[in-house]
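Encoded as structure tokens, the structure appears first; notes follow it.
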There are 2 protein chains.
Amino acid sequence: MTDTAATDQVFRPRLSRERIVHEALRVVDDEGLQALSMRRLGSLLGVEAMSLYRYVDGREDLLEAMVEHLTDGLRLAPHTPVGTEDGWQAYLQWLAHEVRRVAHAHPQVFPLIATRHPAAPWLRPPLRSLDVVEDFLSVLTRQGFGDEAAAAAYRAFSSFLIGHLLLEASQLGGSVVPDEALDEGDPNAPSSALELADYPTIRRLEPELSQDRSGEEFESALEELLDRIARTRRS
Amino acid sequence: MTDTAATDQVFRPRLSRERIVHEALRVVDDEGLQALSMRRLGSLLGVEAMSLYRYVDGREDLLEAMVEHLTDGLRLAPHTPVGTEDGWQAYLQWLAHEVRRVAHAHPQVFPLIATRHPAAPWLRPPLRSLDVVEDFLSVLTRQGFGDEAAAAAYRAFSSFLIGHLLLEASQLGGSVVPDEALDEGDPNAPSSALELADYPTIRRLEPELSQDRSGEEFESALEELLDRIARTRRS
DNA sequence: ACCTGAACACCGTTCAAGT
DNA sequence: ACCTGAACACCGTTCAAGT
């Protein structure tokens, strides 16, 4: 046996909150939320589970930190010149696609982003970072939105993102089931082994239902939402 | 001590899948998802946890059964005369409000409805019962929608419901935290103890953000969605 | 200062055994 | 047929103890 095999402690740079959160995200991305336990996370970091409690205030705090790490990343790419008349539209387009990118990059974490309670009741997932919300509201109000219209736009925008992205993420993150029960595949059966005999319309529309139009539908629904928001602006 | 106190077995009608699901819903409604364990559920039903496995194929199957119990309830109140020209609009209005009623009645279960993987990849929460989807698609196609338009309407409608109701439910179900840390309330501090010094726009808009407009916003966004869907119909 | 060992109070689940 | 006891392999978390 070699040295590294004997010690099995490949040299870990030293624990830190950042390293813990990063490793936790890796676990959930690769194996799903139920694979994340304090004990397993500890052992992956070459440490006993109890050591994590120096940096993280329990499992709930860890989940919170993971969500914050992803939602704080939505800040300030030097996004768009807010000077122009329609700068807010470019900003919201950019922000929507940023959130979508996060949802696609971490489909197993997005349900957490969508369902955990933010720090204040008026914060709404997935735009639950104060920095991001400040950006959002200040861009809109500086471009002629009234206070009430800006707040309403924030609520509508959040709902839009959750509605479209949670389902997309759910479909992306779904097939991480450990490949059991894929054994005896009925050589017929249209994609799923569901019995559709009593559901004629579903059976007829199954091809249309199975089509993935999420990209186009996201874009067109987003444009419609921006139009709708534009109408509420009092300039 | 009396007889009932001595036995503590108040007479339980006998176990059944239905009774288990019903009690599980009661637990989650009252105390939240994390309060639901097989062992505790068993003891609430006057039985050892292992007995539950006769009726339920493990915890995951139980959660699934809870979701199905609620989403199958969306079926066929003798809803609306589908004969008329705009019958589909009345049907979708009815269906949207039914789902909203479920979300309000079980805010702690709704995240489960929204995030669990349905039986087929083309099924989307919260309309994940085959009966309901068959209703949905057959009503629309019988009223002049093309197959593709009906499928697109199903997807848009599902996204709308998730986006609006998950946030509403989250706010309703949130305050079930066991009333700790409510102790030393800063007599000032506007509703939340968040530090908003560096967020001038948020601070200025906090009253508008804190307003609960979910009712009105649900209604007006729903009407807008129905208008949008109407435009996709090829009659 | 940072990590660990041992312990506590829980979990979900299986399976042979009871009635 | 229906329920249980005992056991297994896990959890999260605390706390005194080690270095």
Side-chain angles (χ1 to χ4, degrees), chain A residues 6-28 30-67 108 112 116-117 176-178 180-181, chain B residues 6-28 30-67 108 112 116-117 176-178 180-181:
Chain A
T7 63
D8 210 9
Q9 207 82 337
V10 214
F11 176 68
R12 300 296 187 175
R14 181 159 94 274
L15 228 42
S16 73
R17 184 173 237 259
E18 201 181 338
R19 228 161 68 75
I20 292 172
V21 169
H22 190 265
E23 185 70 20
L25 283 171
R26 217 184 50 70
V27 170
V28 175
D30 292 354
E31 310 173 51
L33 194 61
Q34 85 286 348
L36 182 72
S37 77
M38 300 298 281
R39 295 173 114 113
R40 194 158 119 66
L41 183 58
S43 97
L44 286 171
L45 289 164
V47 111
E48 299 297 314
M50 308 79 191
S51 310
L52 304 175
Y53 287 79
R54 290 254 147 202
Y55 304 90
V56 152
D57 201 24
R59 187 176 200 264
E60 285 299 298
D61 182 51
L62 172 58
L63 295 179
E64 202 60 34
M66 295 165 64
V67 167
Q108 310 242 45
L112 234 48
R116 289 188 67 83
H117 295 304
V176 197
V177 193
E180 320 147 14
Chain B
T7 63
D8 210 9
Q9 206 80 337
V10 214
F11 176 67
R12 299 296 186 175
R14 183 159 92 274
L15 228 42
S16 74
R17 188 174 168 96
E18 200 181 340
R19 228 160 68 75
I20 292 172
V21 169
H22 190 265
E23 186 71 19
L25 283 170
R26 216 183 51 69
V27 170
V28 175
D30 292 355
E31 309 173 52
L33 195 59
Q34 84 286 350
L36 182 72
S37 76
M38 300 298 281
R39 295 174 114 112
R40 195 158 119 67
L41 183 58
S43 98
L44 286 171
L45 288 163
V47 109
E48 300 297 314
M50 309 78 191
S51 310
L52 303 175
Y53 287 80
R54 290 255 145 203
Y55 305 90
V56 153
D57 200 25
R59 187 176 200 264
E60 285 300 298
D61 182 52
L62 172 60
L63 296 179
E64 201 60 34
M66 294 165 65
V67 167
Q108 311 242 44
L112 235 47
R116 288 188 67 83
H117 296 302
V176 196
V177 194
E180 320 146 13

Counting any heavy atom closer than 4.0 Å, what does [X] reach on the DNA or RNA strands: base, sugar-phosphate only, or nothing?
{"X": "B:Ser37", "value": "sugar-phosphate"}
{"X": "A:Arg39", "value": "base"}
{"X": "A:Arg54", "value": "base"}
{"X": "B:Met50", "value": "base"}

Would you indicate whether the side-chain heavy atoms of [Y] and [X] approach each other to under 4.5 Å?
{"X": "B:Leu62", "Y": "B:Leu52", "result": "no"}
{"X": "B:Asp57", "Y": "B:Glu64", "result": "no"}
{"X": "B:Arg17", "Y": "B:Asp61", "result": "yes"}
{"X": "A:Arg40", "Y": "A:Leu36", "result": "no"}
{"X": "A:Leu15", "Y": "A:Arg54", "result": "no"}
{"X": "B:Arg116", "Y": "B:Leu63", "result": "yes"}

Please tell me which of the listed nucleotides, [options], lies nearest to the side chain of [X]?
{"X": "B:Arg40", "options": "D:dC3, C:dT4, C:dC11", "answer": "C:dC11"}
{"X": "A:Glu48", "options": "D:dG12, C:dG5, C:dG12", "answer": "C:dG5"}
{"X": "B:Arg59", "options": "C:dC2, D:dT4, C:dT13", "answer": "C:dT13"}

(Q) Using heavy-atom distances to pick each residue's nearest nucleotide on DNA chain C, tell me which of A:Ala49 and B:Leu36 is more 5'. (A)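 Upstream on the strand: A:Ala49.
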Taking atom [atom2] of [N] as reference, at what distance in whole Å does atom [atom1] of [X] sit?
{"X": "B:Asp61", "N": "C:dG12", "atom1": "CG", "atom2": "P", "value": "14 Å"}
{"X": "A:Met38", "N": "C:dC3", "atom1": "CE", "atom2": "P", "value": "14 Å"}
{"X": "A:Glu60", "N": "D:dT13", "atom1": "CD", "atom2": "C1'", "value": "13 Å"}
{"X": "B:Tyr53", "N": "C:dA16", "atom1": "OH", "atom2": "C1'", "value": "17 Å"}
{"X": "A:Asp57", "N": "D:dT14", "atom1": "CG", "atom2": "P", "value": "8 Å"}
{"X": "A:Leu41", "N": "D:dC11", "atom1": "CG", "atom2": "C1'", "value": "14 Å"}

A:Glu23 to A:Leu44 - nearest heavy-atom pair and separation =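 So the two residues come closest at OE2-CB, 3.9 Å.
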Q. Looking at B:Ser51, does any N or O in its side chain come under 4.0 Å of the phosphate oxygens OP1/OP2 on D:dT4?
A.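 B:Ser51 to D:dT4 OP1/OP2: side-chain N or O found under 4.0 Å.
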Can you find a side chain N or O atom of B:Tyr55 that sits less than 4.0 Å from OP1 or OP2 on D:dC3?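 B:Tyr55 to D:dC3 OP1/OP2: side-chain N or O found under 4.0 Å.
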Rounding to an integer number of angstrom, what distance separates C:dA9 and D:dA9 when you compare their C1' atoms?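 It works out to 16 Å between them.
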| said: Would you measure the distance from the C1' atom in C:dC11 across to the matching atom in D:dA7 and give it in whole Å? | reply: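 That atom pair is separated by 14 Å.
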Discussion item. Which helical stems does DNA chain C take part in, if a stem means at least 3 consecutive Watson-Crick or G-U pairs with both distances below 3.5 Å?
Written reply: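 For DNA chain C the paired stretches long enough to count as stems (3 pairs minimum) are C:4-8 with D:12-16, C:12-16 with D:4-8.
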